[in-house]
Colleague: 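Could you have a look at this structure, given as structure tokens, before my questions?
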Amino acid sequence: MITLRTEFKKIKRKKIGLTMCALIGIQFAWLLWSGARPDEKEKLQGWIEMLYSLPPISVIMMPTVMSVLASRLADAEHKGSTYKLLNTLRRPGALYHAKAVCGALFILGISIAQFLFIIALGYARGYAGHPEWKRYAAAFLLHLACCLSLYLLQLLLSMLFFNQMIPLVAGLGGSMLGLILMYIKMYSFLPWGGFLSAAQAAMDWNPETRVIHFFYRQYSRVELCAVSMIFIWIVVFYTAGRILFSRKEC
């Protein structure tokens, strides 16, 4: 707990929360713009459409958001060249764990804000009925896991490179790759495509009637493997980052 409190003290004046709010605000504006005036047919499928809309937005934006978060949490040690000094005060593993937990708490706050917003937006637009809470809970947990895997990857890169533009470019590249993956398949074994694998809803478009039908997704075995890969990436990136942090001297 002492190490975790120290991490929050180090970022006290970095305004990370304000930066995250600005980036997530773009997502909110996107959701407000899309489907701003739903008709009666759209209101009948409004809740499931919300679940369908969130993963594509997350695929495009969250790699960049996670790269900014990881960079802001890691650059203090780079600027002061304090890796070796910090290791004399605390165990390297404990320091890395504190950074991982600190970032995870920011991710938790971001994810809660996102889902509270889409639920409030659904009620404000008058969608029929109520959200299917089991599906929304599953979407929330998987969204949290996807963000955490990307954050741990970006944290590893942010510790590895002194120039924080390199991890930020990697995050932007991940966003572009996620955009490309959307046009290939609705699942991916890559960390940047985890949001697609975790999507709870799918869409069927009839070219003759031009009617869009949303439905809850039934996962195949391959898709379940892609979902499980999200948690494997978390373990891989956490372990690799902890080893790297423990060996870093300056």
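Computed from a predicted structure; not experimentally measured.
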Colleague: Restricting to non-hydrogen atoms, name the atom on Leu156 and the atom on Gly241 that form the minimum distance, rounded to 0.1 Å.
Modeller: CD1-N, 3.7 Å
Colleague: With a 4.5 Å heavy-atom cut-off, do Leu179 and Val59 have their side chains touching?
Modeller: no
Colleague: State, yes or no, whether a side-chain contact exists between Glu132 and Gln200 at a heavy-atom distance under 4.5 Å.
Modeller: no
Colleague: What are the two closest non-hydrogen atoms of Ala226 and Ser197, and how far apart are they?
Modeller: CB-OG, 3.5 Å
Colleague: Supply the atom-to-atom distance His213 NE2 to Gln45 CD, rounded to the nearest 0.5 angstrom.
Modeller: 6.0 Å
Colleague: With side chains defined as the heavy atoms from C-beta onward, is the minimum distance between Leu69 and Gln154 less than 4.5 Å?
Modeller: no
Colleague: Indicate yes or no: at least one non-hydrogen side-chain atom of Met66 is less than 4.5 angstrom from one of Cys147.
Modeller: yes
Colleague: Where is the tightest heavy-atom contact between Ser111 and Leu144, given as atom of each residue plus distance?
Modeller: OG-CD1, 3.5 Å
Colleague: Looking only at non-hydrogen atoms, find the nearest pair between Leu51 and Ala139 and report the distance.
Modeller: CD2-CB, 3.8 Å
Colleague: How far apart are the closest heavy atoms of Phe195 and Ser58, and which atoms are they?
Modeller: CD2-CB, 3.6 Å
Colleague: Taking the side chain as C-beta and beyond, is there a heavy-atom pair between Leu160 and Ile166 under 4.5 Å?
Modeller: no
Colleague: Is the gap between the ring centers of Tyr96 and Tyr238 under 6.0 Å?
Modeller: yes
Colleague: Within this structure, what is the CG-CZ distance for the pair Leu150 and Phe237, rounded to the nearest 0.5 Å?
Modeller: 8.0 Å
Colleague: Working to the nearest 0.5 Å, report the span between CZ of Phe28 and CD1 of Ile118.
Modeller: 9.5 Å
Colleague: Apply the ring-ring contact (aromatic ring centres under 6.0 Å, His included) test between Trp47 and each candidate in Tyr216, Phe214, Tyr123; give the one that qualifies.
Modeller: Tyr123
Colleague: Work out which heavy atom in Pro55 is nearest to a heavy atom in Ala199; give both atom names and the distance.
Modeller: CG-CB, 3.8 Å
Colleague: Calculate, to the nearest 0.5 Å, the distance between atoms CZ and CG belonging to Phe106 and Leu73 respectively.
Modeller: 6.5 Å
Colleague: Quick one: pull up CE in Met176 and OG1 in Thr64 and give me the separation to the nearest 0.5 Å.
Modeller: 10.0 Å
Colleague: Does the side chain of Pro167 come within less than 4.5 Å of Ser67's, by heavy atoms?
Modeller: no
Colleague: Ring-plane angle category for His143 and Phe115, please: parallel below 30°, perpendicular beyond 60°, tilted otherwise.
Modeller: perpendicular
Colleague: Tell me whether Val235 is reachable from Val227 by hopping between hydrophobic residues (I, L, V, M, F, W, Y) whose side-chain heavy atoms are closer than 4.5 Å.
Modeller: no
Colleague: Does any part of the side chain of Arg125, heavy atoms only, come nearer than 4.5 Å to the side chain of Lys43, both counted from C-beta?
Modeller: no
Colleague: Give the C-alpha distance, both sets of side-chain angles, the deciding distance and a yes or no for side-chain contact (heavy atoms from CB on, under 4.5 Å) between Tyr151 and Val65.
Modeller: CA-CA 9 Å; Tyr151 166 72; Val65 174; over 6 Å; no
Colleague: So if you build clusters from Ile, Leu, Val, Met, Phe, Trp, Tyr with side-chain heavy-atom gaps below 4.5 Å, do Leu177 and Val169 land together?
Modeller: yes
Colleague: Where do Arg135 and Ile48 land on the side-chain contact (heavy atoms from CB on, under 4.5 Å) test, with the steps shown first?
Modeller: CA-CA 9 Å; Arg135 289 286 185 172; Ile48 189 171; over 6 Å; no
Colleague: Find the distance between CH2 (Trp233) and SG (Cys146) and round it off to the nearest 0.5 Å.
Modeller: 13.0 Å
